Colleague: 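Supplied in structure tokens, the structure appears directly below.
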There are 2 protein chains.
Amino acid sequence: MLEYKKFKANCMNCSIAELCLPVALSDSELSQLDKIIKKRRIIHKGEELFYQDGKFMALYAIRSGSFKTYILNQDSQEQITSFHLPGELLGFDAISKEKHLVTAKALETSSVCEVPFTELLTLAAQLPKLQTQLFRLMSREMDNEMKLQINASAEQRLAVFLQNISSRYKQRGLSSSKFILTMTRQDIANYLGLATETVSRLFKAMQGKGVIQVERREISILDFDKLQIATCQHKAM
Amino acid sequence: MLEYKKFKANCMNCSIAELCLPVALSDSELSQLDKIIKKRRIIHKGEELFYQDGKFMALYAIRSGSFKTYILNQDSQEQITSFHLPGELLGFDAISKEKHLVTAKALETSSVCEVPFTELLTLAAQLPKLQTQLFRLMSREMDNEMKLQINASAEQRLAVFLQNISSRYKQRGLSSSKFILTMTRQDIANYLGLATETVSRLFKAMQGKGVIQVERREISILDFDKLQIATCQHKAM
DNA sequence: GTAAAACATTGATATGGATCAAGCATTCGT
DNA sequence: ACGAATGCTTGATCCATATCAATGTTTTAC
């Protein structure tokens, strides 16, 4: 038991600490952060981490796995607002109104660290580097969203989506050219404002052009230049 | 000259201070904030407050006027990412990469307060209420963006847009039922991913249904319930 | 005050992607 | 290991909205 406790996850030995908070915090600073972080939580596929309208208490650092966040609109249709990958921090949307505006559902069995927000702010006031980093992460969250050009064609949107996922994996030191999409075609279509059929056809078309290789949910980007061109060109070419 | 200086704008007498930072800061706290705030700047219609890729130095509080922010995509087409109204804070997008991701252009002659970011963070670490408020404002910024349902019909998008503008004016104590749109039809269309012609036709159609009254750029919302229904209903009714 | 430019409206036509329909492939639950 | 449910693909058709075209209206600049 003691042995187990000794090795339980904390910020100092957490393998993603430098990823979710990649700021040069000293060991003593990290251990302060560790003190306020609640223990790890496992969320199984399809389970919810927090609910729309639920009280906002904490941010969540994704240690492994992935989530989609969505709002339910008036006809209780799900509208996906974003996907969240390992090493990212989740829950910023709820700060303003102190309640969640979205529901976060696990796309696969996932592990998160719960970071009580009030305590985090108190600590941030004492550790300038932590404060700066929090603002930076939140800003990056905003930037990620911005890329989705609403007036883009279906192919442009899908190309931007693939670039975005790819670069986020790259940021985490994972392969940017070959990865598994953890969400369904329907999720992708919903997020991009397309029909599933369109997503399916576009994957096939992009494969036909030698831009990507699609094997079910496994995507290989064969030609980053062509992908880049696909994000901005207006018509087929 | 002395008289002029005595009355120059500062945070304690600024009429929108409680709006842009509506937190109960004491007089002494406000005067600390005032010390770091650079003097007012006037930006004329069509002029730029900051440029895409420009170095990030400061946030800007809009005292009066309004702005659009946009990215230039690869074919140097403007893509509007948001509109910013009086009392709102501008520039959060640039924190992450320490450079602006968008250009901010004045839609009308506007007045802003420049808030150097580094100094603001230092002060926020000392004033917990200011820190909390900053996170809250940034989160609200994120929430504002989120509303735009990408898979919504043209009419739904326009209805959501009008609701959004209306509620933001309301937050500032201005009329939520009658206001002037400071942006062109082209800007609205660009932002919503529609053609200007479609925006024009929809305004007319919504007026025909008694939802709104349109007089060039002056909008009166005649029936908030009908507007609400328009944001979610799928087809004409 | 006038000409030019920018902005807005209205109508006719074309099309990208939705929707409908059907069947196949994979994953899940027991 | 099996059947059922879910996810994915492909084809045919249709419609919401873009695009093209023309004209009217307001604002800007000299």
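Not measured: the values here are computed from a predicted model. Proteins come first, then strands; the chains are lettered A, B, ... in the order of their sequence lines, and each starts at number 1.
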Colleague: Could you pull out the closest heavy-atom pair between B:Leu59 and B:Gly91, with the gap in Å?
Modeller: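 That would be CD2-C, 3.7 Å.
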Colleague: What is the distance, to the nearest angstrom, from the CZ atom on A:Arg157 to the P atom on C:dG16?
Modeller: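 The distance from CZ of A:Arg157 to P of C:dG16 comes to 14 Å, rounded to the nearest Å.
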Colleague: Report the distance from atom CZ of B:Phe203 to atom P of C:dC7, rounded to the nearest whole Å.
Modeller: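 In whole Å, C:dC7 P lies 16 Å from B:Phe203 CZ.
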Colleague: For B:Leu202 and D:dA18, give me the distance from atom CG to atom P, rounded to whole Å.
Modeller: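 Result: 9 Å.
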Colleague: Does A:Arg63 use its side chain to pair, donor to acceptor, with the backbone of A:Arg40 at less than 3.5 Å?
Modeller: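 Such a contact is absent between A:Arg63 side chain and A:Arg40 backbone.
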Colleague: Name each donor-acceptor pair under 3.5 Å that joins a side chain in residues 193-203 of chain A to protein atoms two or more places apart or in another chain, with its distance.
Modeller:
none

Colleague: Scan A:Gly46 against the nucleic acid and name what it touches under 4.0 Å (heavy atoms): base, sugar-phosphate only, or nothing.
Modeller: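 Answer is nothing: A:Gly46 stays at 4.0 Å or more from every strand.
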Colleague: Between B:Glu47 and B:Arg41, is there a side-chain N and carboxylate O pair less than 4.0 Å apart?
Modeller: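 No, B:Glu47 and B:Arg41 are not salt-bridged.
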Colleague: Is a side-chain donor or acceptor of B:Ser220 paired with a backbone partner of B:Lys178 at a separation under 3.5 angstrom?
Modeller: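 No, B:Ser220 side chain to B:Lys178 backbone: no donor-acceptor pair under 3.5 Å.
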Colleague: Between the side chains of B:Glu108 and B:Lys45, is the shortest nitrogen-to-carboxylate-oxygen separation below 4.0 Å, so that they form an ion pair?
Modeller: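 Salt bridge between B:Lys45 and B:Glu108, a charged N being under 4.0 Å from a carboxylate O: no.
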Colleague: Parallel under 30°, tilted from 30 to 60°, perpendicular over 60°: which one fits the rings of A:His100 and A:Phe50?
Modeller: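 Taking A:Phe50 first and then A:His100, their aromatic rings lie parallel (interplane angle under 30°).
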Colleague: In whole Å, I'd like the distance from the CD atom of B:Glu108 to the P atom of C:dA6.
Modeller: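 Distance, rounded to whole Å: 20 Å.
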Colleague: Mind calculating the distance between CG (B:Asn190) and P (C:dA6) to the nearest angstrom?
Modeller: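 Between P of C:dA6 and CG of B:Asn190: 17 Å.
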Colleague: Is there a donor-acceptor pair under 3.5 Å between the side chain of A:Ser166 and the backbone N or O of A:Ser176?
Modeller: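 Flag set: sc A:Ser166 to bb A:Ser176 pair under 3.5 Å.
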Colleague: Would you please confirm or rule out a distance under 4.0 Å between OP1 or OP2 of C:dA18 and any side-chain N or O of A:Thr198?
Modeller: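 Looking at the OP1 and OP2 atoms of C:dA18, one of them is under 4.0 Å from a side-chain N or O of A:Thr198.
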Colleague: Salt bridge or not between B:Glu78 and B:Lys105? Use side-chain N to carboxylate O under 4.0 Å.
Modeller: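 Not counted as a salt bridge, because no side-chain N and carboxylate O are separated by less than 4.0 Å.
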Colleague: Does any residue of residues 177-189 of chain B have a heavy atom under 4.0 Å from DNA chain D, and if so, which ones, in number order?
Modeller: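 Nucleic-acid contacts, sorted: none.
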Colleague: Check whether any side-chain N or O of B:Ser110 sits under 3.5 Å from a backbone N or O of B:Ser66 as a donor-acceptor pair, and report yes or no.
Modeller: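 Flag set: sc B:Ser110 to bb B:Ser66 pair under 3.5 Å.
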Colleague: For the pair made of CG in B:Leu194 and P in D:dT19, what is the distance, rounded to whole Å?
Modeller: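 Value for this atom pair: 11 Å.
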Colleague: Rounded to the Å, how far apart are A:Leu192 CG and C:dA18 C1'?
Modeller: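 After rounding, the gap between these two atoms is 15 Å.
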Colleague: For the helix from C:dG1-D:dC30 to C:dT30-D:dA1, what is the angle between the axes at its two ends, each from 5 pairs, rounded to 10°?
Modeller: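 Inter-axis angle at the termini of the helix from C:dG1-D:dC30 to C:dT30-D:dA1: 70°.
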Colleague: Any side-chain to backbone donor/acceptor pair from A:Ser139 onto B:Phe92? Under 3.5 Å, distance only.
Modeller: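 Yes; judged by distance alone, with no hydrogens or angles, the pair exists.
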Colleague: Could you check which of D:dA18, D:dT17, D:dC8 has an atom nearest any side-chain atom of A:Arg217?
Modeller: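 It is D:dC8.
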Colleague: Who passes side-chain hydrogen bond (donor to acceptor under 3.5 Å, both in side chains) against B:Arg168, sequence neighbours left out?
Modeller: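 Partners of B:Arg168 under the side-chain hydrogen bond (donor to acceptor under 3.5 Å, both in side chains) test: B:Glu88, B:Asn164.
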Colleague: D:dT10, OP1 or OP2 - any side-chain N/O from A:Lys204 closer than 4.0 Å?
Modeller: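 A:Lys204 to D:dT10 OP1/OP2: side-chain N or O found under 4.0 Å.
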Colleague: Quick test: give all pairs of protein nitrogen or oxygen and nucleotides 24-30 of chain D nitrogen or oxygen below 3.5 Å, distance rounded to 0.1 Å.
Modeller:
residue	atom	partner	partner atom	Å
D:dT28	OP1	B:Lys45	NZ	3.3

Colleague: Are there over 12 heavy-atom neighbours, none belonging to A:Gln186, within less than 6.0 Å of that residue's CD?
Modeller: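 No, CD of A:Gln186 has 12 or fewer neighbouring heavy atoms, counting only those of other groups under 6.0 Å.
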Colleague: Would you indicate what B:Ala154 reaches in the nucleic acid, counting non-hydrogen atoms under 4.0 angstrom: base, sugar-phosphate, or nothing?
Modeller: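 The answer is sugar-phosphate, as B:Ala154 gets under 4.0 Å only of primed atoms, P, OP1 or OP2.
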Colleague: To the nearest Å, how far apart are B:Glu218 CD and C:dA8 C1'?
Modeller: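 Going from B:Glu218 (CD) to C:dA8 (C1'), I get 16 Å.
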Colleague: Do the rings of A:Phe179 and A:Tyr169 sit parallel, tilted or perpendicular, given the 30° and 60° boundaries?
Modeller: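 Tilted, since the angle between the ring planes falls between 30° and 60°.
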Colleague: Would you tabulate the nitrogen or oxygen pairs shorter than 3.5 Å linking the protein to nucleotides 20-22 of chain C?
Modeller:
residue	atom	partner	partner atom	Å
C:dC20	N4	A:Glu197	OE2	2.9

